[in-house]
There are 2 protein chains.
Amino acid sequence: MFQNTSSRYSIDLNQIKSSCATCSLRELCLPVGLNDHEVHVLGEVVSHKRKIQRGGYLHRTGSKFQSLFAIRSGFLKTCVLEEDGRQQVTGFHMTGELLGLDAISTEIHTCDAIALEDSEVCEIPFAKLEEISRAIPSLMHHFHKIMSREIVRDHGVMLLLGSMKAEERLATFLLNLSRRFLMRGYSEFEFNLRMTREEIGSYLGLKLETVSRAFSKLQDENIITVDNKRIQINDIAKLRMKMGNSSCLT
Amino acid sequence: MFQNTSSRYSIDLNQIKSSCATCSLRELCLPVGLNDHEVHVLGEVVSHKRKIQRGGYLHRTGSKFQSLFAIRSGFLKTCVLEEDGRQQVTGFHMTGELLGLDAISTEIHTCDAIALEDSEVCEIPFAKLEEISRAIPSLMHHFHKIMSREIVRDHGVMLLLGSMKAEERLATFLLNLSRRFLMRGYSEFEFNLRMTREEIGSYLGLKLETVSRAFSKLQDENIITVDNKRIQINDIAKLRMKMGNSSCLT
DNA sequence: GCTTTAAATTGATCTGAATCAAAATAAATA
DNA sequence: TATTTATTTTGATTCAGATCAATTTAAAGC
């Protein structure tokens, strides 16, 4: 899992599970081939942990950027504020993901990051990361891949917002969550949403009532079972169909 | 212009205008402080030019990624294809901008890049760029900023698609173009669109008829003058108002 | 030049999602 | 536990933008 063929050194997950550095850096480190020394160097950089309780801010729009944050546990949302007060959720983030990439550009955070459940992150001072990535090319390359992946993800959301209708958006969203839970060893068919209908709506470009109606519709069709925040996927194939055939109709 | 305070070496634009390397790398190189030797090293990497005529592909979805492309002149669009054939435009790109960032992730291009007018690009072999950025930290840092800026840009588009209505989207789009033309030394008040109404619509999540109507509406209000692809901004303040007050109404 | 094809505008109608409104349920707090 | 507050669901209505359709205008090809 998360290993690529070019790895020179395969990290033993069990061995390092208790260490903050490596654990939180699953996405950042594991896939890269690092030797003992390099793992040690990297560990030095990411030693600082931080807990954020539900509802708390990891960072705010406008605050000075110094570090990236690797999510060690928990669940967060990022959102940008419009001048007029309304907020748009730009993403939901879970264990192993990296936050703060948007702030590298201006060294000012361009969004709020808010914990949707008690969470723990590892702080990665960005200047240090750049410094050691000079010494560890595979780390640098992997970091570039992570940034690139974020761009690809955003393009996917743009496609969703630009060309899908409500039900298709929700299906896409649920399948995305499902896959991410699966990747982390949780059930792909049954999970708890950490966010409200309003937050889902904000992310998907829909009003909360529309989100609620789309949930009900999918339930009526026996594709999912909804019990408030608890979601059960009964027919993942049908759910995939829902996602796929937007423009097929035209 | 495009200079930051930490520059150790200020590049003479006139001196290097005829050299492909530096000219095409305005975004990539100029703002970074590089010394003579470093400029030379960088120049070696980006020496390969390529012309694409109107309608031609710079790269296609699914093709192997090896190089980034710095636009030297011209105008391109990038678009992702849905399984069902319809395409969503993810961006319009002009001189000085960098294409291919999305492909670093998987080493496969995730979108098509198509020239909307005869264009010229410089090819930047990505492996080489990573290699020399180890030797030139400021170059590496600037590259990170460019990727980050792309992420910020995408978040802006997500906000647009997720929460603005047609007229606000078009106003935002025109102001964005206006600013980019200004930055490149062209008029911010009068310019030619290189793309069709359909392509604008795809980018903005609207149908071409809606784009056309929004143009007409802005013209009726004497904010812009539209003559097919020729756009004249008559009242930029009012245009900014159009963009800003989406949720103010509610 | 003329002919063909592509692009843009404008009108009429339809529809999906927003909005308004009320009730039901769940979560937080005293 | 009771009370308050936040969240979710569902219904009725409205509206922005999609769709359908017909011209007009511009560009490309012969």
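So that the names make sense, note that chain A is the first sequence line, chain B the second, and so on, each numbered from 1. What's counted below: heavy atoms across the whole structure, side chains too, no hydrogens, waters or symmetry copies.
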For Y186(A) and F191(A): C-alpha separation, side-chain torsions, deciding distance, then whether ring pair (Phe, Tyr, Trp, His ring centres under 6.0 Å) applies.
CA-CA 8 Å; Y186(A) 300 107; F191(A) 47 83; over 10 Å; no
Rounded to whole Å, CD1 of I231(A) lies from C1' of dT8(D) at a distance of 12 Å
Check every strand shown and say whether K217(B) touches a base, only sugar-phosphate, or nothing at a heavy-atom separation below 4.0 Å.
nothing
Side-chain contact check for L208(A): nearest option of dG16(C), dA8(C), dT9(D) is dT9(D)
> OP1 or OP2 of dT19(D) sitting under 4.0 Å from any side-chain N/O of K207(B)?
Replying inline: yes
In whole angstroms, the gap separating C1' of dA17(C) from CD of E209(A) amounts to 10 Å
Hits for side-chain contact (heavy atoms from CB on, under 4.5 Å) against R213(A), two or more places apart or cross-chain, chain-then-number order -> E209(A)
In whole angstroms, the gap separating P of dA26(D) from CG of D227(B) amounts to 7 Å
To the nearest angstrom, the CG-P distance between L204(B) and dA18(D) comes to 11 Å
Any side-chain heavy atom of F215(A) sitting closer than 4.5 Å to one from I200(A)? yes
Separation of dA8(C) atom P from E198(B) atom CD, nearest Å, is 9 Å
Taken to the nearest whole Å, CG/L161(B) to P/dG17(D) is 13 Å
Look at all strands and tell whether T196(A) reaches a base, only sugar-phosphate, or nothing, counting heavy atoms closer than 4.0 Å.
sugar-phosphate
Side chain of R213(A), base of dG16(C): donor and acceptor closer than 3.5 Å? no
Of the listed dT9(C), dA8(C), dT8(D), the closest approach to the V226(B) side chain comes from dT9(C)
Of dT19(C), dT8(D), dA8(C), the nucleotide closest to the side chain of N228(A) is dT8(D)
task: Could you check whether L206(B) gets within reach of a base, just the sugar-phosphate, or nothing at all, counting any heavy atom under 4.0 Å?
output: sugar-phosphate
Should the side chain of R197(A) and the base of dT10(D) be counted as holding a donor-acceptor pair, with the cut-off at 3.5 Å? no
In whole angstroms, the gap separating P of dA7(C) from CD1 of I200(B) amounts to 13 Å
Between CZ of R230(A) and C1' of dA26(C) the distance, given in whole Å, is 16 Å
Counting only side-chain N and O atoms of T210(B), is one of them less than 4.0 Å from OP1 or OP2 of dG17(D)? no
Nearest-nucleotide check on DNA chain C, A166(A) vs F215(B); residue mapping nearer the 5' end is F215(B)
**Prompt:** Are R72(B) and E123(B) close enough for a salt bridge, meaning some N to O gap below 4.0 Å?
**Reply:** no
side-chain contact (heavy atoms from CB on, under 4.5 Å), that's the test. Do L170(A) and L218(A) meet it? Break it down for me. CA-CA 9 Å; L170(A) 187 62; L218(A) 289 175; 4.0 Å; yes
Among dT9(D), dT9(C), dG16(C), the one nearest any side-chain atom of K165(A) is dG16(C)
*asked:* Within the 4.0 Å heavy-atom criterion, would you say G55(A) contacts the bases, only the backbone, or no part of the nucleic acid?
replied: nothing
| So what does R169(A) touch, heavy atoms closer than 4.0 Å: a base, only the sugar-phosphate, or nothing? | nothing
Picking from dA18(D), dA17(C), dA28(D), the nucleotide nearest the side-chain atoms of R54(B) would be dA28(D)
Review point. Salt bridge check: are E167(A) and K242(A) linked by an N-O gap of less than 4.0 Å?
Key: yes
- prompt: Is S216(B) near enough to dT10(C) that one of its side-chain N or O atoms lies under 4.0 angstrom from OP1 or OP2?
  reply: yes
Give a yes/no answer on whether the side chain of K229(B) brings an N or O atom under 4.0 Å of OP1 or OP2 in dA8(C). yes
